[in-house]
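Written below as structure tokens is the structure these notes are about.
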Amino acid sequence: MQGMFIEFVRNLRDPVRSRRQEKIREVELTWSDRDLAAFRIFAVGLQPAEMADICYALADTTAIPLLDLLVDLAEINNELMQIALRSLAHTPLSAKLFLAKRLLSSKNVLLRSGACAMLADAGSAAFDQLAAALDDESHLVAAAAIRALAKLGRSEAGEKLLPKLRGGSEEMRSLALESMARLGTASDAFARAALEIYGNPNEKTALRGKAARVLAGMGNLAGRDAMLHTLAAPDREGELRRLSALELAAFPDRETVDLLLRTTIGDSAILAEAARQSLLAMPQEKIIPFLEEGLEARDEKVCIAAAEILGCGKSRAAFALLSGRLAGETRPAVLSALAGALGRSGFAGAWGAIRARLAGGGGDSLPLLAALADAATRDNLDELSLFLERATDNKAQELLLRRLAAFSHTLKPSPIVLRRALDVLNSGNPGLSIPAIEILAYSGEETLRDRVLSEMAYVGGELPTRRLLRVMLKFKKGDLAALFRGCGAVTARLLAPAAAEADRIGEGGAEFFSAVASWVRSGAEESREGLNAAAALDPDRLVEAMRDSPDRVCLLEAWASLPARDRLLHPPDLDSFFALSEPADRLRALEALFRLGEERHLGTVTMLALLDKDAGVRDEAGKLVRRLASEHHPEVQVELVS
């Protein structure tokens with residue numbers, strides 16, 4: 001018989017599931033009850049790995065004795081228990097319910113709680129067993145039973161959970177609240193229990209907040225009154241007031257809306273935001289009449305709050321109410337709020353309503369212009385630019401211009417908008433230059449390139465400059481040379497951020513390096529950083545430029561700033577350099593090369609310097625060679641002295 005058992009275990013460890021299933025079916029049909037009982041005794045004496053494989057394989061069995069074996073194995077250790085429970089979850093319902101009795105009577109707490117979790121998928125037939133598990137001495141098991149009952153979805157489970165609300169640990173009460181809310185329990189007894197928890201100052205705030213959520217879910221009016229009372233009482237605990245404000249979203253009535261509106265203008269920013277979220281969560285068609293009352297309130301702050309909430313809605317009724325009030329409103333603060341709400345609302349008619357109010361005059365035009373800018377779409381940008389032309393206030397011009405600049409990021413500016421931006425630049429108002437330059441940069445117009453670069457050189461800060469140069473490089477497909485070729489020295493200080501953002505130099509790179517070197521040579525030292533950054537992008541073109549540039553010494557110094565590997569891969573022609581350069585440049589090059597201290601250059605440049613046709617260079621070179629050689633390579637000094 002033992003041989004038969006060993007063969008069965010070997011088959012259960014077969015990696016092919018179909019072969020395992022075939023052997024299990026054969027055993028279920030041919031083995032006697034005595035054989036199955038003996039196999040149970042045999043299996044619990046196997047090695048842990050073999051027992052784990054049996055646990056996996058027996059997920060396909062329907063024979064109660066073999067399933068009993070799964071329970072035996074689950075009792076051995078926690079690892080086997082987890083595997084066995086996963087296997088049991090796939091067994092037929094009748095077998096699952098039969099084995100649950102044994103699992104729930106186990107001494108192992110984890111096995112009992114695992115059995116509850118398994119029964120959560122067993123349907124209504126598991127109700128009685130789970131209800132009994134609620135009274136388990138272990139809170140872990142009771143908690144698992146609560147969760148499982150909630151998952152069953154049977155409304156009568158709420159009756160079983162109700163005692164947990166009035167007794168036991170805080171964890172049990174919290175779980176019972178969550179589960180009963182999930183079940184949709186709406187009995188008076190449940191409501192009273194939740195209300196007791198919410199109103200009990202000795203309970204923790206988190207638990208009282210859950211009770212508020214349950215009461216809101218039930219639409220319980222007594223719960224609403226309690227939450228309104230809490231929210232209105234400044235001496236109550238702040239977090240409970242915040243949670244209450246959020247849950248009041250379930251009650252879109254006049255009293256609730258009025259209190260929430262007033263809370264949005266209170267001293268506490270946290271409470272104000274919670275009240276605002278609550279109002280926004282309410283069905284707007286239900287609360288529009290109450291918000292309309294808010295717009296008519298004497299308190300301007302309430303009017304402003306009501307306008308903001310209406311502006312966040314999407315209903316035509318909200319738009320009609322806002323635009324109607326905007327036409328006749330005279331209070332400046334409320335007028336600004338109404339216009340702002342319309343501008344941000346996204347309503348199709350917002351532009352026309354705000355423009356009509358502007359044309360009617362009265363009130364401060366600045367907030368109306370700001371709202372008009374917010375309401376602008378791609379279809380009325382040209383008209384918005386006309387308002388820019390008419391505006392005389394600096395702030396008004398700036399907000400209109402910034403709105404036009406924001407559109408230019410995704411929509412190529414029209415000729416009219418470009419002309420307005422150029423007019424702004426020509427006006428010489430430095431406060432408006434950045435957004436105007438931005439519009440020109442995003443246009444991608446080649447004819448405007450030099451103007452944009454020169455304006456950035458004078459007024460652009462580091463971050464705006466880098467951002468706009470990225471834009472211009474995008475139009476040039478990352479070609480740095482094409483962007484800067486032909487530009488004057490005024491653009492020199494823009495080179496560093498441009499080189500840092502580019503991914504290549506592009507065609508004409510040698511001429512580009514020559515131009516930049518001339519900027520450095522002429523005293524634009526701030527462009528040296530850019531020259532070095534550009535050199536790292538394309539060392540080959542840097543070395544190429546060195547052959548013909550009259551400012552080759554600046555290029556050699558940029559080459560010396562490269563990492564050692566790049567210098568090794570891209571060496572300059574030093575013979576030609578010394579033959580073509582001026583004496584002062586040869587001395588600068590000597591100093592840069594000796595500063596590197598690289599043996600492959602020291603001998604060459606030493607001989608070139610000491611054989612120089614210019615006596616002054618030879619004299620100065622000798623001093624330099626001796627000083628630098630003594631610091632880096634003493635053996636060179638010995639050769640020189642000899």
Side-chain angles (χ1 to χ4, degrees), residues 1-130 132-133 141 144-145 147-149 151-152:
M1 184 176 287
Q2 187 170 2
M4 179 174 68
F5 293 162
I6 293 172
E7 178 65 21
F8 182 39
V9 170
R10 186 179 297 115
N11 287 320
L12 289 180
R13 303 188 77 186
D14 193 311
V16 181
R17 184 185 177 195
S18 60
R19 292 202 290 261
R20 295 198 309 267
Q21 290 176 314
E22 183 181 347
K23 190 61 182 178
I24 288 172
R25 298 292 175 264
E26 179 186 330
V27 166
E28 289 174 344
L29 292 171
T30 61
W31 282 17
S32 65
D33 290 343
R34 181 181 176 187
D35 292 336
L36 291 170
F39 179 70
R40 285 176 64 189
I41 297 171
F42 169 80
V44 295
L46 295 173
Q47 294 295 320
E50 293 174 314
M51 288 190 284
D53 288 338
I54 292 174
C55 285
Y56 280 120
L58 290 183
D60 294 315
T61 189
T62 57
I64 293 298
L66 290 177
L67 290 172
D68 261 341
L69 171 59
L70 272 178
V71 180
D72 292 335
L73 296 175
E75 294 275 12
I76 293 175
N77 61 50
N78 288 342
E79 183 179 356
L80 286 174
M81 179 190 73
Q82 297 297 331
I83 300 170
L85 285 173
R86 284 200 295 272
S87 294
L88 286 169
H90 299 290
T91 59
L93 176 61
S94 58
K96 195 178 295 185
L97 295 173
F98 176 81
L99 293 170
K101 295 179 182 178
R102 185 178 167 198
L103 291 167
L104 289 171
S105 63
S106 170
K107 293 182 179 179
N108 189 325
V109 170
L110 294 176
L111 191 53
R112 298 202 304 275
S113 63
C116 290
M118 179 190 74
L119 288 174
D121 297 321
S124 297
F127 178 80
D128 291 336
Q129 294 191 62
L130 288 172
V141 178
R147 294 189 186 95
L149 280 169
K151 198 171 181 182
L152 289 183

Please indicate whether E28 has more than 12 foreign heavy atoms, meaning atoms of other residues, nucleotides or ligands, lying under 6.0 Å from its CD. yes
Could you please spell out the steps behind the side chain to side chain contact (heavy atoms under 4.5 Å, CB included) verdict for F39 and V27? CA-CA 11 Å; F39 179 70; V27 166; over 6 Å; no
Could you walk me through whether L70 and L67 pass side chain to side chain contact (heavy atoms under 4.5 Å, CB included), step by step? CA-CA 5 Å; L70 272 178; L67 290 172; 3.9 Å; yes
With heavy-atom distances below 4.5 Å as the criterion, would you say the side chains of [X] and [Y] are in contact?
X	Y	value
K23	D14	no
Y56	L12	no
L103	L88	yes
L119	L97	yes
P48	L80	no
N78	N108	yes
K151	R147	no

Name all pairs fulfilling the side chain to side chain donor-acceptor pair (under 3.5 Å) condition that reach into residues 38-53, sequence neighbours left out, sorted by first residue then second. R13-D53, R40-D72
If you take all heavy atoms of [X] and [Y], which pair is closest and at what distance?
X	Y	value
L69	A43	CD1-CB, 3.8 Å
L130	A145	O-CB, 3.7 Å
A144	S113	CB-O, 3.6 Å

Inter-residue atom distance [X].[atom1] - [Y].[atom2], 0.5 Å rounding:
X	Y	atom1	atom2	result
S87	L66	OG	CG	12.0 Å
R86	M81	CZ	CE	10.0 Å
L111	E75	CG	CD	5.0 Å
D68	L58	CG	CG	11.5 Å
Q82	L110	CD	CG	7.5 Å
T30	D35	OG1	CG	8.0 Å

I would like to know whether I24 and N11 meet side chain to side chain contact (heavy atoms under 4.5 Å, CB included); could you show each step before the answer? CA-CA 9 Å; I24 288 172; N11 287 320; over 6 Å; no
L104 vs C116, test: side chain to side chain contact (heavy atoms under 4.5 Å, CB included). Steps then yes/no. CA-CA 8 Å; L104 289 171; C116 290; 3.9 Å; yes
Residue that, paired with M51, satisfies side-chain contact (heavy atoms from CB on, under 4.5 Å) out of I83, N77, I76: I76
Short N-O contact, E22 and R19, less than 4.0 angstrom: no
Angle between ring planes, W31 versus F5, binned at 30° and 60°: parallel, tilted or perpendicular? tilted
